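Worksheet: one structure, shown below.
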Amino acid sequence: MRTIRSGWFKSLLATALVAGATGLAATAAHAADLLDTVKQAGVLKVGLEGTYPPFGYRGANNELDGFDVEVARAVAAKLGVKPEFVTTEWSAIIAGLQAGKFDIIVNQVSVTPQRKQVLDFSTPYVYSAAQLIQRKDDKREFASLDALKGHKLGVSLGSNYNELAKSVPGIDVKTYPGAPEYLRDLAAQRVDAALNDRLMVNYLIKQANLPLRPGAVLPGANTEVAIPFRKDNPKFAAAIDKALDDLRKDGTLAKLSNKWFGSDVTKPLK
């Protein structure tokens, strides 16, 4: 057997010790739960668009306001920390969360199998469904997505409604930066219908001031809205769920829902 020279062995041992220490440090850093980080900082960083009324938008004095803004403030208060809002475009908001630019998103993020692969979610705090928007003078009634086969449907790029529409073969799905653009095309008869959340439909029609009307609420297209955060933070997940549960029990969620929507949308759809 060939012997190992002592100098080479010492070098090998030193390298192994450094690698082991680095590995332990990385493991410890990985094991640090987000709840500890948030509590230590005293701040909960919240990602949202800030341009999505009535959920999150700039109101009087350029202050953030809206249903999701108030929910985020209430959750932060239950955690005993202050909310810090980080406004981000929708197209980049999931990536921003994964990159650690904020701790949670409170921006009507629906729970989908694809998103659950890369993020963890709280228990739902809003239950909704997809609803169509049509022109007032259009006598057709599209009662389902199947009824839209062979027709043009407007949706927002990157939204879960884009995915929903494209899941039905035969629909000519047209994507837009946001609701104002597809509503204008709907009024101009460039698309036959548009698709959005039932919570948004009446608000969008009112704000657009165009000859549009609510269409059918789509059967079987119910959505659960929850708070996403990075995976592998069990203490943080339990704390967020407890905060939301407390807000349900003390009536805060129902109060906020009735304030912004005129009904309690925080309970599961029947």
Side-chain angles (χ1 to χ4, degrees), residues 38 43-79 81-97 101-112 115 119-131 156 158-161 178-179 196-204 206-207 222-230 236-237 239-248 250-269:
V38 168
V43 171
L44 179 68
K45 293 183 179 180
V46 182
L48 79 170
E49 289 175 275
T51 56
Y52 188 32
F55 302 105
Y57 64 99
R58 297 284 179 182
N61 301 319
N62 204 36
E63 294 283 337
L64 281 169
D65 198 7
F67 173 72
D68 278 340
V69 173
E70 293 204 61
V71 168
R73 286 179 176 142
V75 167
K78 290 293 184 183
L79 294 180
V81 297
K82 294 181 179 180
E84 179 182 304
F85 294 100
V86 182
T87 56
T88 305
E89 290 185 5
W90 172 257
S91 59
I93 204 165
I94 298 295
L97 178 63
K101 293 182 179 180
F102 27 85
D103 304 312
I104 61 174
I105 300 172
V106 188
N107 196 94
Q108 293 300 292
V109 182
S110 59
V111 182
T112 67
R115 289 172 181 163
L119 298 170
D120 280 342
F121 282 84
S122 70
T123 54
Y125 69 98
V126 165
Y127 297 84
S128 192
Q131 185 171 12
S156 292
S159 71
N160 55 305
Y161 300 113
N196 209 309
D197 192 289
R198 74 181 180 101
L199 303 179
M200 285 293 296
V201 167
N202 286 325
Y203 177 85
L204 290 173
K206 180 179 179 180
Q207 293 296 311
N222 296 343
T223 57
E224 295 180 340
V225 173
I227 297 174
F229 44 90
R230 293 183 294 282
F236 185 77
I240 292 291
D241 281 349
K242 184 179 186 306
L244 288 172
D245 190 47
D246 289 345
L247 292 170
R248 288 187 196 93
D250 68 18
T252 300
L253 284 183
K255 181 179 178 180
L256 292 177
S257 179
N258 279 289
K259 172 184 174 180
W260 289 100
F261 308 114
S263 62
D264 187 359
V265 301
T266 66
K267 294 180 178 179
L269 294 168

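What you see is a predicted model; the values in this text were computed from it and never measured.
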Is it true that Asp250 and Lys78 have a side-chain N and a carboxylate O under 4.0 angstrom from each other? yes

Criterion side-chain contact (heavy atoms from CB on, under 4.5 Å) on Glu70 and Lys259, from CA distance to verdict: CA-CA 11 Å; Glu70 293 204 61; Lys259 172 184 174 180; 2.6 Å; yes

Any side-chain heavy atom of Val81 within less than 4.5 Å of one from Val43? no

Is there a side-chain contact (heavy atoms from CB on, under 4.5 Å) between Asp103 and Val46 once you walk through the steps? CA-CA 6 Å; Asp103 304 312; Val46 182; over 6 Å; no

Give me the atom names and distance for the closest heavy-atom approach of Pro228 to Phe121. CB-CE2, 3.7 Å

How far apart are the closest heavy atoms of Val111 and Ala226, and which atoms are they? CG2-CB, 3.7 Å

Can you name the nearest heavy-atom pair linking Ser128 to Arg198, along with the distance? OG-CG, 3.1 Å

Is the shortest heavy-atom distance from the side chain of Val225 to the side chain of Phe55 under 4.5 Å? no

A side-chain contact here means heavy atoms from C-beta on lying under 4.5 Å apart; do Arg58 and Thr87 qualify? yes

Is any side-chain heavy atom of Trp260 closer than 4.5 Å to a side-chain heavy atom of Asp65? yes

Approximate separation, where rounding is to 0.5 Å, of Leu97 CG and Ile105 CD1: 4.5 Å

Report the distance from atom OG1 of Thr51 to atom CG of Asn107, rounding to the nearest 0.5 Å. 8.0 Å

Quick one, Gln108 with Asp68, criterion side-chain hydrogen bond (donor to acceptor under 3.5 Å, both in side chains). Give me CA distance, side-chain angles, the key distance, then yes/no. CA-CA 7 Å; Gln108 293 300 292; Asp68 278 340; 3.1 Å; yes

Closest heavy-atom pair, Ser257 versus Val265, reported as atoms and distance to 0.1 Å, is OG-N, 2.8 Å

What I'd like to find out is whether the side chain of Thr88 reaches to under 4.5 Å of the side chain of Val86, using heavy atoms alone. yes

Parallel, tilted or perpendicular, as decided by the 30° and 60° cut-offs, for the rings of Tyr125 and Phe67: parallel

Output the distance between atom CG (Leu64) and atom CZ (Phe85), rounded to the nearest 0.5 Å. 6.5 Å

Show your reasoning for whether side-chain contact (heavy atoms from CB on, under 4.5 Å) applies to Phe261 and Leu256. CA-CA 8 Å; Phe261 308 114; Leu256 292 177; over 6 Å; no

Do Ser122 and Asp241 have side-chain atoms, one donor and one acceptor, less than 3.5 Å apart? no

Measure across Thr223 and Ala129 and return the closest heavy-atom pair with its distance rounded to 0.1 Å. OG1-N, 3.9 Å

With side-chain contact (heavy atoms from CB on, under 4.5 Å) as the test, pick out the partner of Thr123 among Asp245, Leu244, Ile240. Leu244

Roughly how far apart are Ser110 OG and Arg115 CZ, rounded to 0.5 Å? 4.5 Å

Once rounded to the nearest 0.5 Å, what's the spacing between atom OH of Tyr52 and atom OH of Tyr203? 11.0 Å

Using only atom types and a distance under 3.5 Å, with no angle test, would you say the side chain of Asn61 pairs donor to acceptor with the backbone of Glu63? no

For Gln207, look at atom CD and say whether over 12 heavy atoms of other residues, nucleotides or ligands are found less than 6.0 Å away. yes

So which atom in Asp264 and which in Asn258 form the shortest heavy-atom distance, rounded to 0.1 Å? N-OD1, 3.9 Å

Atom pair CG/OG1 of Asn160 and Thr112 - distance to nearest 0.5 Å: 7.5 Å

So, the side chain of Asp197 versus the backbone of Leu199: is there a donor-acceptor pair under 3.5 Å, distance only? yes

Step by step, would you call Val75 with Leu247 a side-chain contact (heavy atoms from CB on, under 4.5 Å)? CA-CA 8 Å; Val75 167; Leu247 292 170; 3.9 Å; yes

Note, Met200 side chain near Pro54 side chain (heavy atom, < 4.5 Å): yes

